[in-house]
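Data block below; observations after.
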Protein chains: 2
Amino acid sequence: MSDSTAQVVPSYLRELNERRVLEILREQGPAHAAHIARLASLSRPTSAQVLRALVDVGLVEEQIPMSGDPGRAKSMFYAVSTLGAVLSVDIGARFIRASVGDVNGTQLATASHALTETTLASVIKTMHSVVDEVLAESKYTSKDILSFVVGSPGVVDREAGQIAIAGTISELEGVKLTELLEKEFGFKPVIENDVNLVAIAEQNFGAGKNVDTFAVLSVGSGIGAGLIINGQIHRGHRGAAGEIFYIPLTGADDIRHNTSDPSSGNIETFAASVAKNYPDSKLVSPYKTIEIFQAARDKDSLALAVVANVAMRIALYISTITSVIDVESVVLSGGIGRQSDVLLEEIRAVTANIVPYAPNIEVTQLGDNAVLLGASALGTKIAQNTVFARRSNAYSAARETADIAL
Amino acid sequence: MSDSTAQVVPSYLRELNERRVLEILREQGPAHAAHIARLASLSRPTSAQVLRALVDVGLVEEQIPMSGDPGRAKSMFYAVSTLGAVLSVDIGARFIRASVGDVNGTQLATASHALTETTLASVIKTMHSVVDEVLAESKYTSKDILSFVVGSPGVVDREAGQIAIAGTISELEGVKLTELLEKEFGFKPVIENDVNLVAIAEQNFGAGKNVDTFAVLSVGSGIGAGLIINGQIHRGHRGAAGEIFYIPLTGADDIRHNTSDPSSGNIETFAASVAKNYPDSKLVSPYKTIEIFQAARDKDSLALAVVANVAMRIALYISTITSVIDVESVVLSGGIGRQSDVLLEEIRAVTANIVPYAPNIEVTQLGDNAVLLGASALGTKIAQNTVFARRSNAYSAARETADIAL
DNA sequence: GGGATTTATTGTAAAGTATCCTAACGCAAG
DNA sequence: CTTGCGTTAGGATACTTTACAATAAATCCC
């Protein structure tokens, strides 16, 4: 409930109000002190004092004169910051992407390099080249980096700083990634599961903006979910929340889930297995997921059958997730999840047939950079906390780690 | 993150510290002011002041002299209260139970009356008789009731104050229960799903005491789960979290789940369907769940087969829940869930085979009154908030409703 | 229509209140 | 005599209310 160790002393009030004002400024956009006072339920003197403090630490900028509204000349305050940069990296199975943003979440540079082989050495090497590129383009240097967030597939063991169950890049498993990356890049990374970062991205910039409890269902070369529960990313006891691959939808003995898992390999297998029933199909073996979806748009019979099956499989996972935690909405993401046009209606129909309270089912609008966007959002939070902690006392330090939870 | 409307002013600090001290007193037991000061990271003067305030509102009692420990004679402070009573009712399919407790969670009177027919009229009538009995026994009167918590099967729509999807007592569905009970009993009830109350009970008194994230899996005449996520009961967007009956473990088309659901009717059906394979069994049709479990303890072949199947089915649900939210532990409850001795090993084994991170699987120790215990715990929180709100300002009122969420 | 006046609203200063802490002191038990 | 509790006093921090000066728009008036 309440933090157990932190001291509750007067200066904690100030910190609360500073955080609150900053959040308002970030969400509502620039405003002058009196306006902030009203939004934050503070008196004007306090609002002005808080803003001054935020300007002092560099989290807020002041633009001195202004005219327009009635009243005395007002300073406008912006939640912009030139304090430093937020570096984000997305370790994907085929590409490694990176971006540099400012503390306010604005992306300054983005790049994507192909990952030629899925070895650890190659991952590190590619990371260096992408990071170098975005840093150069952003005009920031390593010294300006306030936070460094790395999105990776697999289950992240936050305590040990390593990947416990690697997904697509098996060589990551068991590697002390935090240590390794700190040695390689010179600053300590925060490792986060990639789908969790997508969920954070959706919460901040996408379909989850005004939704308290939702799930991101990512379907691609694998399947996974990211959960936002009551506005907080939910990682679970060992960081394995959303590892829905393991749901025994085909009984206790089938640990491979080939007939329920909608990720790409299984789709191709399924297509091959039913192909003989659709002799008029123009698709030929070997079946490729992307081609199947393309053919479905052209009403190819085999493709339509496969796509319907994929939709049904996705609906199974959505139904399961919502039966457990009752989400308001589910956002589809990933290479297959994003093939909305041919899937969405069927997914909705099947889901509505299974559960009494079907969630809203939508498709992500965030594109390829969702992981990076989420990493930036998380990095911004971390950077903010660093700034607060830097000049602050026991409580904010204690709260900092708790807050990174968001 | 931070409450949006509440004002952050100095007196909020005091309230935080009062809540904190009260919680410590409740958890750690009686203590003198200096000890509390250390536990709460407060100075001795502040600790004494806070305690005095709590004594003033009646949430804490002071016992003046003491000898034994070194130092000056100390006042001991107890988190006991004679402020008023907490009334709890458990609407079950076969019994309606009620209890009266004090604000500190101590049960003063408990009773259980059989529900002869599952009509709404009968439910109300039986509730009246049980409530009258416990009130009389507790020596409290209606006027002393600070909170009134009612546990009911089904999905509770908290906004409308009604049961949206009634489980075993179908006549409850769609009834404006809050309104109705307020008219019948004279004070406003808080309706809560019964399994959620069991989860709250486990959190406060049972296997969930030091566990942040866990699930209660209740298996009896139906199946349902209650979730504690990060120390908070999770109800879901429409209050339907934990309605795991709907998980499509047998495919999208089977909406009856007879072959995966381990609740009692299905067990009996399953027993009948495999009986012919176990000619040496002493069990005879019609098969009753309780008899089957009893026979399993005597190593009856059919009973063992059935029990193994039930264990497997339960493991499916546990695996599903933990795949989605990654719980630290699962507490089995309900008429069947509590038949631990013959199930637990098998459930653990099957679960470990399905998911990489199996949770601890335990059996409830709370007995028949778990729902009432949870209702009391919730009622205590509500009553406390009422007391805080009564003499307090905007923020605590605003926070009160938020806190009832716990 | 143009200039003066009113109105609205901002920012800041001063005073008051609430909270917490530290320091110091008295007191009692071992 | 030492230890540790409770209390009082003084000082620091933070928030509010009240009051006032500054200024731009709106209004009024001739």
Protein-nucleotide distance ([X], atom [atom1]; [N], atom [atom2]), rounded to Å:
X	N	atom1	atom2	answer
B:Arg52	C:dC20	CZ	P	12 Å
B:Tyr12	D:dA14	OH	P	17 Å
B:Gln49	D:dT7	CD	P	11 Å
B:Arg14	C:dT19	CZ	P	5 Å
B:Leu16	C:dA18	CG	P	18 Å
A:Leu13	C:dT19	CG	C1'	8 Å
A:Phe77	C:dT10	CZ	C1'	11 Å
B:Ile36	D:dG4	CD1	C1'	16 Å

N/O (side chain, A:Asn17) to phosphate O (OP1/OP2, D:dC15) under 4.0 Å: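 Yes, because at least one side-chain N or O of A:Asn17 sits under 4.0 Å from OP1 or OP2 of D:dC15.
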Below 4.0 angstrom from OP1 or OP2 of D:dT16, is there any side-chain N or O of A:Thr46? yes
Considering only side-chain heavy atoms of [X], which listed nucleotide, [options], is closest?
X	options	result
A:Pro10	D:dA14, D:dC5, C:dG11	D:dA14
A:His32	C:dC20, C:dG11, D:dG6	C:dG11
B:Ser43	C:dT10, D:dG6, C:dT22	C:dT22
B:Ala34	C:dT19, D:dG6, C:dC21	D:dG6
A:Arg44	C:dG11, D:dC5, C:dC21	C:dG11

Tell me which of B:Pro45 and B:Arg38 sits closer to the 5' end of DNA chain D, going by the nucleotide each one is nearest to. B:Arg38
After noting the C-alpha distance and the side-chain angles of B:Gln63 and B:Ser75, does the key distance pass the side chain to side chain donor-acceptor pair (under 3.5 Å) rule? CA-CA 6 Å; B:Gln63 198 184 66; B:Ser75 282; over 6 Å; no
If you count heavy atoms of other groups shown closer than 6.0 angstrom to CG of A:Asp56, is the number above 12? yes
Side chains of A:Phe388 and A:Glu18: closer than 4.5 Å at any heavy-atom pair? yes
Pairing of A:Arg19 and A:Glu15 as salt bridge, 4.0 angstrom limit: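 The answer is yes: the pair qualifies as a salt bridge.
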May I ask you to say whether A:Arg238 pairs ionically with B:Glu328, meaning some side-chain N is under 4.0 Å from a carboxylate O? no
